2 protein chains.
Amino acid sequence: MRTAEVLLERRSLAEISVDDLAQGAGLSRSAFYFYFPSKAAVVLTLVDRMVEQASGARDTALQQLDSDPAAACRGGIESFYATFGAHRPVVRAVSELSATNDEARALWSQVMQGWVEQVTELIEAERARGTAPSALAASDLATALVQLNERVLQAIFVDESPAVSESAAIDTLTHVWVNAIYGAPVEG
Amino acid sequence: MRTAEVLLERRSLAEISVDDLAQGAGLSRSAFYFYFPSKAAVVLTLVDRMVEQASGARDTALQQLDSDPAAACRGGIESFYATFGAHRPVVRAVSELSATNDEARALWSQVMQGWVEQVTELIEAERARGTAPSALAASDLATALVQLNERVLQAIFVDESPAVSESAAIDTLTHVWVNAIYGAPVEG
DNA sequence: ACACCCTATCAACACGGTGTCGAGAATGTT
DNA sequence: AACATTCTCGACACCGTGTTGATAGGGTGT
């Protein structure tokens with residue numbers, strides 16, 4: 001698995017064969033299959049690890065919004081950024097794998113679902129306090145905002161173009177979040 | 001190519017072999033290679049077609065913002081939705097292909113770049129008119145908003161979960177756009 | 001010291017998909 | 001009729017995956 005992470009820094013998942021993985025770990029290709037059923041399983045394990053290690057950070061980051069809501073949003077976004085930024089190769093791999101692998105898709109959507117639920121709660125709490133207007137379904141708005149983060153950061157992490165400049169990313173996302181949550185409804 | 005579009009309605013690109021494509025068109029596999037250098041080329045051609053057919057719609061949709069800016073945003077979003085919604089299998093295929101194919105990635109990012117430029121102009125025009133505050137770089141904001149659309153609609157088109165409900169998508173996106181563009185800067 | 005099992009490793013194989021080649025039909029041109 | 005162009009095919013080489021059956025080593029109990 002260390003080998004997998006190292007190789008993923010340089011090449012995409014598709015460019016890495018089971019042979020590469022095995023050789024990197026000093027094994028024959030078939031010995032690899034003793035430890036993992038497939039290349040995909042390695043990535044899934046890597047993702048599992050990352051998720052476990054990071055799911056705590058999310059909950060704490062978003063919960064302390066009593067004081068300053070804008071700061072809480074920023075905290076959540078920073079936590080999102082930190083979590084996935086620290087494991088860029090893994091994020092890249094899982095997004096690549098999701099194109100062809102149901103399990104990867106399911107795992108990733110579970111991760112995103114966690115974020116969406118957390119953010120939905122945040123929005124509903126603010127609406128209950130009367131600080132945020134109720135216009136759209138909170139879950140729809142939360143989904144959109146989480147997906148915004150996902151896509152914007154993804155683009156940055158894999159050096160796509162166009163992409164938001166990395167230094168402005170947090171500010172840009174926070175701006176969009178805060179205005180989307182607290183801004184006035186747009187007449188349909 | 002018609003065959004490709006039909007097959008892509010049912011299965012993902014990875015599940016379609018050159019053989020399937022050829023047979024669907026009543027050809028042998030090697031005859032296929034007379035017409036296209038690879039499976040990827042078929043998808044690229046499909047995308048080219050879609051882009052060409054749709055790039056006009058975008059420009060006109062966003063340009064008429066003199067009257068009602070919110071309506072112009074909505075128009076742009078609707079045009080985005082219509083363009084890609086009408087060719088879901090192709091969108092799905094190109095996103096899948098982009099995971100492994102440089103040319104597909106380049107083509108897609110060119111398409112997105114077109115949108116970003118258009119939206120950047122819109123934002124800058126509004127700021128020049130004094131109706132929108134200048135906080136973030138217009139191009140960063142535009143990039144984020146275009147990627148928001150991309151990701152939210154993608155999730156809807158491929159039936160991901162979580163996803164914004166399709167009926168609320170346009171409203172949700174419009175809300176985020178308008179508030180992000182016209183909303184007050186968030187103190188960093 | 002022996003038998004035993006469990007862990008670990010490997011070479012060899014079968015399979016499926018890709019892309020190439022050269023040989024030839026089919027069709028049109030002079 | 002000779003020729004060229006367009007198109008089609010079967011056969012091949014290649015690569016990556018995943019499986020299998022044979023085998024080596026290192027504990028453990030007797």
Side-chain angles (χ1 to χ4, degrees), chain A residues 1-49 89-108 158, chain B residues 1-49 89-108 158:
Chain A
M1 288 179 44
R2 218 172 305 128
T3 304
E5 252 187 313
V6 169
L7 292 185
L8 280 170
E9 310 243 351
R10 307 260 147 205
R11 328 181 224 163
S12 78
L13 184 61
E15 289 164 349
I16 297 173
S17 70
V18 172
D19 210 23
D20 297 331
L21 251 31
Q23 257 183 273
L27 296 171
S28 76
R29 206 172 59 80
S30 27
F32 167 92
Y33 284 101
F34 179 80
Y35 298 99
F36 292 100
S38 72
K39 194 168 64 174
V42 179
V43 177
L44 281 258
T45 311
L46 244 23
V47 176
D48 268 337
R49 252 205 207 163
V90 179
V91 172
R92 202 151 34 86
V94 74
S95 98
E96 191 179 338
L97 192 58
S98 293
T100 58
N101 182 302
D102 284 348
E103 210 175 333
R105 233 188 325 267
L107 178 54
W108 190 249
V158 306
Chain B
M1 287 180 44
R2 218 173 306 128
T3 303
E5 252 186 313
V6 169
L7 291 185
L8 279 170
E9 310 243 351
R10 306 258 147 206
R11 328 181 223 163
S12 78
L13 185 61
E15 289 165 347
I16 297 172
S17 71
V18 172
D19 210 22
D20 296 331
L21 251 31
Q23 258 183 268
L27 296 171
S28 77
R29 206 172 60 78
S30 27
F32 168 91
Y33 285 101
F34 179 80
Y35 298 99
F36 293 100
S38 72
K39 194 168 65 175
V42 179
V43 176
L44 284 247
T45 311
L46 243 24
V47 176
D48 267 337
R49 251 205 207 165
V90 179
V91 171
R92 201 148 37 84
V94 74
S95 99
E96 191 179 338
L97 192 59
S98 293
T100 57
N101 182 301
D102 284 348
E103 210 176 331
R105 236 189 321 270
L107 178 54
W108 190 250
V158 306

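Predicted, not measured: the structure shown is a model, and the values here were computed from it. In what follows, chains are A, B, ... by sequence order, proteins preceding strands, each numbered from 1.
Side-chain atoms of B:Glu96 do not come within 3.5 Å of backbone N or O of B:Ser12 as any donor-acceptor pair.
Checking each of B:Leu97, B:Asn101, B:Val47 against B:Leu107 for a side chain to side chain contact (heavy atoms under 4.5 Å, CB included) leaves exactly one that passes, namely B:Val47.
DNA chain C is contacted by B:Ser17, B:Val18 of residues 8-18 of chain B, taking any non-hydrogen atom closer than 4.0 Å.
In this structure, the CG atom of A:Leu21 is 13 Å from the C1' atom of D:dG16, given to the nearest Å. Taking atom CG on A:Leu27 and atom P on C:dA11, their separation rounds to 12 Å, with Å as the unit. Rounded to whole Å, atom P of C:dG16 lies 14 Å from atom CD of B:Gln23. Between A:Leu97 atom CG and D:dT17 atom P the separation is 13 Å, expressed in whole Å. Rounded to whole angstrom, the span from the OH atom of B:Tyr35 across to the P atom of D:dC9 amounts to 9 Å. Atom-to-atom, OH of B:Tyr33 to C1' of C:dG22 comes out at 18 Å; the value is rounded to the nearest Å. The separation between A:Arg29 atom CZ and D:dT19 atom P is 11 Å, rounded to whole Å. Nucleotide C:dA8 holds its C1' atom 15 Å from the CZ atom of A:Phe32, rounded to whole Å.
Within the 4.5 Å cutoff, the side chain of A:Val18 has no heavy atoms near those of the A:Phe36 side chain.
Across all their heavy atoms, B:Glu5 and B:Val90 have their closest contact at OE2-CG2, 3.7 Å.
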Side chain to side chain contact (heavy atoms under 4.5 Å, CB included), that's the test. Do A:Phe32 and A:Asp19 meet it? Break it down for me. CA-CA 8 Å; A:Phe32 167 92; A:Asp19 210 23; over 6 Å; no
Determine, step by step, whether A:Asp20 and A:Ser17 satisfy the side-chain hydrogen bond (donor to acceptor under 3.5 Å, both in side chains) criterion, reporting the C-alpha distance in whole Å, the side-chain angles of both residues, the deciding distance to 0.1 Å, and the verdict. CA-CA 5 Å; A:Asp20 297 331; A:Ser17 70; 3.3 Å; yes
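Checking D:dG10, C:dT7, D:dT20 against the side-chain heavy atoms of A:Phe34 singles out C:dT7 as nearest. Closest to the side chain of B:Ala31, from the set C:dC10, C:dT18, D:dT8, is D:dT8.
For CZ of B:Arg11, the number of neighbouring non-hydrogen atoms (other residues, nucleotides, ligands) closer than 6.0 Å is greater than 12.
Not a single donor-acceptor pair, N or O on each side, falls under 3.5 Å between the base of D:dA11 and the side chain of B:Ser30.
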